[in-house]
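Shown next, in structure tokens, is the structure this report addresses.
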Amino acid sequence: MKIPFNKPWFTGQEPRHMQMAALFGQISGNGAFTKKCHRFFEQRLKTRKALLTTSCSDALEMSAILSNVGPGDEVILPSFTFVSTANAFALRGAKLVFADVEPGYPNLDPKAVAKLITPATRAVVVVHYAGVACQMDEFVGLAEKHNLWLIEDAAHAIGASYRRRPLGSIGHMATFSFHETKNIICGEGGLLAVNDKRLMQRAEIIWEKGTNRAAFYRGEVNKYGWVDVGSSFLPSELIAAFLYAQLEAFDDIQKERIRVRRSYLDKLAFVEANSWAQIPRLPEYASDNGNMFFMVTNSINHRDALLKHLGRDGIHAVFHYLPLHSSQHGTLLHDGRELPNTDRFSQCIIRLPFFSGLTEAEVDSVARSIRKFYEKQTR
Ligand SMILES: *Cc1c(COP(=O)(O)O)cnc(C)c1O
């Protein structure tokens with residue numbers, strides 16, 4: 001491929017920070033770099049408590065443990081998401097209730113969610129697709145009215161906001177990913193943001209394998225032991241050191257990715273002008289964090305043909321999310337309701353190459369290839 005879909009971007013400081021962590025002599029978790037990362041996120045995300053995890057999947061599993069769901073409890077979530085959003089709650093034995101996304105944007109639809117709430121509902125998980133905020137006032141309203149946990153899967157959403165509030169600071173808990181396909185990366189890594197005071201202490205215990213070791217190290221208790229369930233959710237200092245190098249360049253990384261997104265918007269305006277495909281606009285309450293660029297084609301046939309056409313031009317574009325409710329495992333769990341918006345986005349979304357350092361010339365050549373494709377179609 002001449003233009004790959006993703007290319008991880010490094011600041012150049014990552015190896016130096018990792019070497020520093022090794023020289024400090026503590027490379028297990030919760031050391032100096034982990035604490036620096038926590039402070040950064042607590043300030044930037046305006047969250048009460050940040051806990052680095054080994055992945056967003058792990059942070060989601062922590063959120064499922066913290067929400068205390070089990071057999072007999074229902075959790076409402078989108079079908080249009082990554083498997084980890086669902087796995088976390090399936091692993092607790094909760095019943096998954098898949099809700100449809102909005103007709104105009106692949107974010108969970110609060111009206112669809114409202115209709116699915118029953119006395120057994122315990123939690124709602126929203127996913128801010130491509131870093132674009134869900135309608136959080138509506139979801140907070142539903143959570144308050146029905147006494148539900150509200151969890152933000154903010155894997156795409158670092159640095160984005162809803163009505164000027166950072167995403168990840170609005171739900172009771174939120175999860176982030178630093179997988180190499182996201183904005184800020186450390187290979188594999190994630191974060192749990194705890195915004196509800198009632199959950200802070202237990203979150204730390206679950207993170208530390210069910211022990212009160214963190215409180216012990218702070219001198220709050222004189223011995224530590226097994227006080228709850230938990231697991232090994234914390235990454236090593238080597239990972240935290242790598243991540244911290246990325247955090248030092250946070251604003252530059254975000255600015256660069258927003259440049260790439262604006263460049264696509266600008267150079268692909270003809271696609272919408274000709275009604276060849278749609279490029280969903282940001283709602284007035286959402287900000288852009290340069291997470292990705294996608295178009296919604298008019299049919300699955302157009303989408304598949306365009307993917308092939310771009311591939312022949314050396315451009316690696318991809319589709320996104322096979323719906324969970326109709327997946328091999330999901331059909332065993334789903335109640336059979338149709339989710340038409342989910343199906344349409346799954347069939348028609350095409351994601352274009354997106355990474356820091358994608359040049360204007362490269363965006364031009366993607367745009368040229370797309371124009372060529374549609375001109376051939378309409379001839
Ligand atoms: C990437 C992603 C995850 C999983 O992140 P990992 O850090 O790879 O575990 C979860 N949810 C969504 C929406 C994602 O895009």
Side-chain angles (χ1 to χ4, degrees), residues 5-6 8 29 37 41 45 50-65 67 75-91 96 98-99 101-102 105-108 123-134 136 139 150-160 162 167-168 170-171 173-193 207 231-236 239-240 242-243 246-247 257 286 289-294 318-325 327 329-330 342 345-346 349 351 354-355:
F5 176 68
N6 182 49
C37 292
F41 289 119
L45 301 178
L51 292 169
L52 284 192
T53 57
T54 46
S55 65
C56 181
S57 305
D58 263 355
L60 283 160
E61 284 185 42
M62 285 184 70
S63 78
I65 297 171
S67 55
V75 176
I76 302 176
L77 73 166
S79 164
F80 191 77
T81 183
F82 190 60
V83 288
S84 298
T85 322
N87 267 327
F89 297 89
L91 281 166
L96 304 187
F98 293 111
V101 291
E102 301 170 18
Y105 195 90
N107 271 348
L108 197 60
V124 174
V125 192
V126 300
V127 178
H128 306 295
Y129 186 74
V132 172
C134 293
M136 294 310 285
F139 285 113
L150 180 58
I151 298 153
E152 298 174 69
D153 181 343
H156 303 170
I158 193 102
Y162 171 81
L167 294 185
I170 303 169
M173 296 167 261
T175 65
F176 291 89
S177 174
F178 309 120
H179 183 267
E180 80 168 21
T181 52
K182 315 287 178 175
N183 288 31
I184 303 290
I185 60 174
C186 62
E188 303 275 357
L191 178 81
L192 178 73
W207 187 63
S231 190
S232 182
F233 288 116
L234 64 170
S236 87
I239 297 288
F242 188 108
L243 181 67
Q246 295 257 317
L247 297 182
R257 294 183 70 103
N289 75 335
N291 176 257
M292 66 164 97
F293 185 85
F294 69 95
V318 299
F319 61 87
H320 212 195
Y321 294 146
L322 296 169
L324 297 180
H325 73 284
S327 64
H329 190 63
T342 297
F345 284 115
S346 174
I349 279 182
R351 297 171 67 195
F354 201 102
F355 47 86

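Hydrogens, waters and symmetry mates are skipped; everything else that's a heavy atom, side chains included, is used. It should be emphasised that the depicted structure is a prediction, and the values quoted were computed from it without experimental measurement. Order of appearance sets the numbers: ligands from 1, and atoms from 1 within every ligand.
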Inventory of protein N or O atoms under 3.5 Å from ligand 1 N or O:
residue: ligand 1; atom: 5 (O); partner: Ser177; partner atom: OG; Å: 3.3
residue: ligand 1; atom: 7 (O); partner: Cys56; partner atom: N; Å: 2.9
residue: ligand 1; atom: 7 (O); partner: Ser177; partner atom: OG; Å: 2.7
residue: ligand 1; atom: 9 (O); partner: Cys56; partner atom: N; Å: 3.3
residue: ligand 1; atom: 9 (O); partner: Ser57; partner atom: N; Å: 2.8
residue: ligand 1; atom: 9 (O); partner: Ser57; partner atom: OG; Å: 2.5
residue: ligand 1; atom: 11 (N); partner: Asp153; partner atom: OD1; Å: 3.4
residue: ligand 1; atom: 11 (N); partner: Asp153; partner atom: OD2; Å: 2.8
residue: ligand 1; atom: 15 (O); partner: His156; partner atom: NE2; Å: 2.7
residue: ligand 1; atom: 15 (O); partner: Lys182; partner atom: NZ; Å: 2.8
residue: ligand 1; atom: 15 (O); partner: Tyr321; partner atom: OH; Å: 3.3

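- Outside the 6.0 Å centre-distance limit, the rings of Phe294 and Tyr321 are not counted as a close aromatic pair.
- Phe345 has its side chain within reach of Val101: a pair of non-hydrogen atoms, C-beta onward, lies under 4.5 Å apart.
- Legend: residues meeting side chain to side chain donor-acceptor pair (under 3.5 Å) with Ser84, ordered by chain and number and at least two apart, are Ser57.
- The ring-ring contact (aromatic ring centres under 6.0 Å, His included) check on His320 picks up Tyr129, with sequence neighbours excluded.
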query = Can Phe139 and Val124 be said to form a side-chain contact (heavy atoms from CB on, under 4.5 Å), step by step?
reply = CA-CA 8 Å; Phe139 285 113; Val124 174; 4.2 Å; yes

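- Remark: His128 engages no residue in a ring-ring contact (aromatic ring centres under 6.0 Å, His included) (not counting sequence neighbours).
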